[in-house]
Amino acid sequence: LVLLDPPARERPQDGQAWPERDSLSFTRSLVFYGAGAVTSEHEQACRFVQEARALREKYFGQAYLQDESAFRTDDLEYSFGDNGILQLFHKDNKTENLCKVPTIDEFVPDYNRLVEVCSSGAMRSYCFQRLQMLSSAFKMHITANGAVENREQMNLLGTDFYRTMKVDNHIHCAAAASAKMFVDFVRNKLESEGETVVLEDGKTLQQVFTDAGLDCEHMTIDAFNVLADYSVYQRFDNFNNKYSPFQMAQMRRIFLKVDNVIKGRYFAELTKAVLNRHEKSKGHNSAAELRLSIYGMERREWKQLAIWVMTDWKGGDFPGPVLSSHNRWLIQVPRLWRIYHRKKENPSFQDMLENLFIPMIEATLDPEGHPEVASFLEHVVGFDSVDDEGLPEEPSSCVRPGAWREEKNPAYSWQLYHLWANLEVINRLRKLKGLNTFSFRPHAGETGDVMHLASAYMLCRSINHGINLDRQVSLQYLYYLDQVGLSISPLSNNFLFRKITNNPFPKLFTRGLNVTLSTDDPLLFHMSDDALLEEYSVARASFDLSMTDVSEIARNSILQSGFEDELKKKWIGENYERGVTFCDEHKTHVPLIRAKFRAEHLAIEHMLATLIAEGKGNSVLREMMVQFGLARDAHRNILLENFSEVPQFPYHNQI
């Protein structure tokens, strides 16, 4: 094989020339903009783009932060304000809140403004045009450079797709085992632990099965009835019922819950078996970010879950705590206000928020007094918000959580804001104390109101699903510009909300959005024991992806993940934080040509949007037209000078 010189990773410093090889590294397509390419409507659209990005910077980018030089981490106390947000004070000054975040009175108008901007005709037309041009550019790149990319990938010796790391960024712990693994696990427990007491009334596991008319002959995937089928399409209620083997809720509680008579031992053993597959790298290198639920129903949930994770379990094939070098925990918060309202007497939404966040702030301020939760939080990297986005919800408003007492669901954006605001306070405290922090990575854009994606854009590092982006081009372009992560699960989507032939994943990938693949719920959606590899295999066949494509998608999974910086450096390169062109292609298996293509087009989009928003579009266009004209003449001269005799062909005078 001939080793190719890769292109330069970035532009040389001023006064230095590009390496000669860079002009030969791969073919670039260049758009020759002509008269009318920039209009007044484009200028308005680009101003909207900049305004929208400023809103993201205000919240996710923390542009609101004040000077924290006087912030001491000693002698701190907290309170839960009547606005539903944690407040921190020094004991000697209980009037000054040390951790202020934008209020709901600021957020709601900002969110409404983003919705208005994204819905404007000028914005939608401009964003659609730019996204279409990105699609065309990628198709041209593959046509011109596909063979070169393949050849360069072949020269990346010592690695391949199977050896590179892939992170399953979106997987729910209760459904992390495959159906076959789960059935085998339950059969083994019924045969070996039939006399174990598993219910509060003293019933043993054998009695539970006998009373239900079940025995070992029923230990089949079909009898368990956990695999998704036509009955769950557009039916989130039926989907949730699939978590219960034999459609029996007590089976779910026995095997897939931590709150039961056996303190979640079966669930721990099953989860450890799942994690062992990642640790042993069976089939390929992979890691996971499993999700565990904190419902906010009771204050004790945090300690109960922490004890479950940190317990040194003695039984099963893989004893020890439910921790792994190949897993980091995310906490998912189901949006279950309607259930909480029915269970409690005269409840308010603030009660749920206090149940969610007070154990966290107490464990952060006083880890010695709350050792279980404090230790568990060291292994948590992020928070998720989950539930059916298609449920009816009230309009976004400035109502305080303490005043929300009706059973109706608050707006998705309202709930997301209050989760984000409290995480911001906790994160800033933990950062100042030298502790790990938590990213906010909710479910968004799976179904329901497409503008859920607007609030997620303002508040979040990345999201799960996001398939509704194909229905809102303005947000799609903003997600592209800011490279907001999208962890998409086409097999899950196929059964629940979007058939795989209509899944926008290939379109989003082609255009350069930061997309990756994840499994969501292997128990329900996958047929093999290696659900992540199955997801990649199905996507490659369904979306006609190359090996370079799937390697790029795998690299994105690491960039989106919450794994520690030293592990990311090990998996994708020492300088990965400088951008995709600085990821080590010998680790990612993504040819530098592909990374350069992505980086160049993203940079161009940012430059154009900024210049056009500043009203410089036409002056820049005129200068570009001159330079493009000179380049066109130069190309023509090179072609003609290499003919010994210029042949006659149609329209040769048009070149």
Side-chain angles (χ1 to χ4, degrees), residues 59 76-89 97-108 111 291-306 330-365 370 373 377 380 382-387 391 393-394 396-430 437-443 455-456 458-460:
Y59 292 88
L76 288 175
E77 292 183 345
Y78 78 89
S79 70
F80 229 102
D82 58 8
N83 60 355
I85 300 172
L86 285 165
Q87 299 176 343
L88 289 172
F89 307 93
N97 179 13
L98 298 170
C99 275
K100 295 179 181 178
V101 297
T103 66
I104 189 67
D105 295 316
E106 293 177 71
F107 173 76
V108 170
Y111 166 72
R291 280 148 174 77
L292 293 168
S293 293
I294 292 289
Y295 298 92
M297 300 289 174
E298 305 286 346
R299 195 79 54 90
R300 64 183 177 85
E301 290 175 37
W302 270 107
K303 184 174 181 179
Q304 185 179 58
L305 185 61
L330 268 82
I331 298 300
Q332 61 181 27
V333 181
R335 296 185 297 278
L336 298 179
W337 162 251
R338 61 197 184 279
I339 295 176
Y340 184 83
H341 187 276
R342 290 197 292 268
K343 283 187 173 183
K344 305 294 181 178
E345 183 177 348
N346 193 30
S348 73
F349 197 87
Q350 176 140 339
D351 299 336
M352 285 187 72
L353 291 174
E354 291 181 1
N355 290 339
L356 286 169
F357 293 111
I358 284 180
M360 292 180 67
I361 196 74
E362 289 182 342
T364 300
L365 288 171
H370 308 273
V373 177
L377 288 176
V380 175
F383 277 70
D384 193 350
S385 173
V386 301
D387 200 30
L391 291 174
E393 61 184 65
E394 294 299 288
S396 191
S397 69
C398 297
V399 175
R400 300 304 191 260
W404 193 278
R405 297 181 180 275
E406 57 182 313
E407 186 175 359
K408 294 179 181 178
N409 284 322
Y412 174 94
S413 59
W414 188 89
Q415 295 189 61
L416 226 60
Y417 163 79
H418 286 98
L419 293 178
W420 168 85
N422 284 290
L423 283 174
E424 279 289 290
V425 174
I426 291 172
N427 276 339
R428 284 160 62 188
L429 174 62
R430 292 181 68 85
T437 58
F438 316 112
S439 61
F440 191 24
R441 295 154 52 184
H443 281 49
S455 53
M458 293 172 66
L459 303 173
C460 307

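We count residues from 1, following the sequence as given. Hydrogens, waters and symmetry mates play no part in the numbers below; they use all other heavy atoms, side chains included.
Residue pairs meeting the salt bridge (charged side-chain N to carboxylate O under 4.0 Å, His left out) criterion with at least one partner in residues 410-420, sequence neighbours excluded, are absent.
Taken from CG in L419 to CD in E424, the straight-line distance is 12.0 Å, to the nearest 0.5 Å. One finds the CG atom of L292 at 9.5 Å from the CG atom of L330 (value rounded to the nearest 0.5 Å). Going from atom CZ of F107 over to atom CH2 of W414 covers 11.5 Å, rounded to the nearest 0.5 Å. Taking CD1 of I361 as the reference point, atom CD of E77 lies at 12.0 Å (rounded to 0.5 Å). To the nearest 0.5 angstrom, L423 atom CG is 12.5 Å from R428 atom CZ. Atom CG of N97 sits about 7.5 Å away from atom OG of S79, to the nearest 0.5 Å.
Contact detail for R405 and H341: the closest heavy-atom pair is O-NE2, 2.6 Å. Minimum interatomic distance between T437 and R430 (heavy atoms only, all atoms of both residues): CG2-CB, 4.4 Å. In terms of heavy-atom proximity, Y340 sits nearest to P347 at CE2-CB, 3.6 Å. Between G382 and F438 the shortest heavy-atom distance is CA-CB, 4.1 Å. Heavy atoms only, all atoms of each residue included: Y295 and M352 are closest at O-CE, 3.4 Å. The two residues Y417 and I104 come nearest to each other via the heavy atoms OH-N, 3.2 Å.
For the pair K303/H370, no side-chain contact is recorded, criterion being any heavy-atom separation below 4.5 Å from C-beta on. A heavy-atom distance below 4.5 Å is found between the side chains of L391 and R338. Between F383 and I294 there is no side-chain heavy-atom pair separated by less than 4.5 Å. When side chains are defined from C-beta on, Y412 counts as touching P442, because their heavy atoms get closer than 4.5 Å. Counting only heavy atoms from C-beta outward, the side chains of P410 and E394 never approach each other to under 4.5 Å. Under the 4.5 Å side-chain criterion, counting only non-hydrogen atoms from C-beta, E298 is not in contact with K343. Looking only at side-chain heavy atoms (C-beta outward), Q87 and C99 stay at 4.5 Å or farther from each other. Residues I426 and F357 meet the side-chain proximity criterion, which asks for heavy atoms closer than 4.5 Å.
Side-chain atoms of Q332 never come within 3.5 Å of backbone atoms of H443 as a donor-acceptor pair (strictly under, hydrogens ignored). Of the possible donor and acceptor atoms, one in the side chain of W337 sits under 3.5 Å from a partner among the backbone N and O of E406.
Here the rule is side chain to side chain contact (heavy atoms under 4.5 Å, CB included) with I331, and of L356, D384, V380 only V380 fits it.
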- [ ] Report the C-alpha separation of D387 and L336 in whole Å, then their side-chain angles, then the decisive distance to 0.1 Å, and conclude whether the side-chain contact (heavy atoms from CB on, under 4.5 Å) test is met.
- [x] CA-CA 8 Å; D387 200 30; L336 298 179; 4.1 Å; yes
Task: Worked check of side-chain contact (heavy atoms from CB on, under 4.5 Å) between N422 and M360 - done: CA-CA 10 Å; N422 284 290; M360 292 180 67; over 6 Å; no
Task: Derivation and outcome, side-chain contact (heavy atoms from CB on, under 4.5 Å), residues L353 and H418 - done: CA-CA 8 Å; L353 291 174; H418 286 98; 4.1 Å; yes
Task: side-chain contact (heavy atoms from CB on, under 4.5 Å) between N355 and E301, intermediate numbers included - done: CA-CA 8 Å; N355 290 339; E301 290 175 37; 5.9 Å; no
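Residue K344 places its NZ atom among more than 12 non-hydrogen atoms of other residues, nucleotides or ligands, all under 6.0 Å distant.
Between R400 and N83, the side chains place no donor N or O within less than 3.5 Å of an acceptor N or O (distance only, hydrogens not considered). Using a 3.5 Å distance cut-off with no hydrogens or angles, the side chains of Y78 and E362 do pair a donor with an acceptor.
Legend: residues meeting side chain to side chain donor-acceptor pair (under 3.5 Å) with S439, ordered by chain and number and at least two apart, are absent. Under the rule for a side chain to side chain donor-acceptor pair (under 3.5 Å), D82 has no partner lying at least two apart in sequence or in another chain.
Under the 4.0 Å criterion applied to side-chain N and carboxylate O atoms, R335 and E393 are not assigned as salt-bridge partners.
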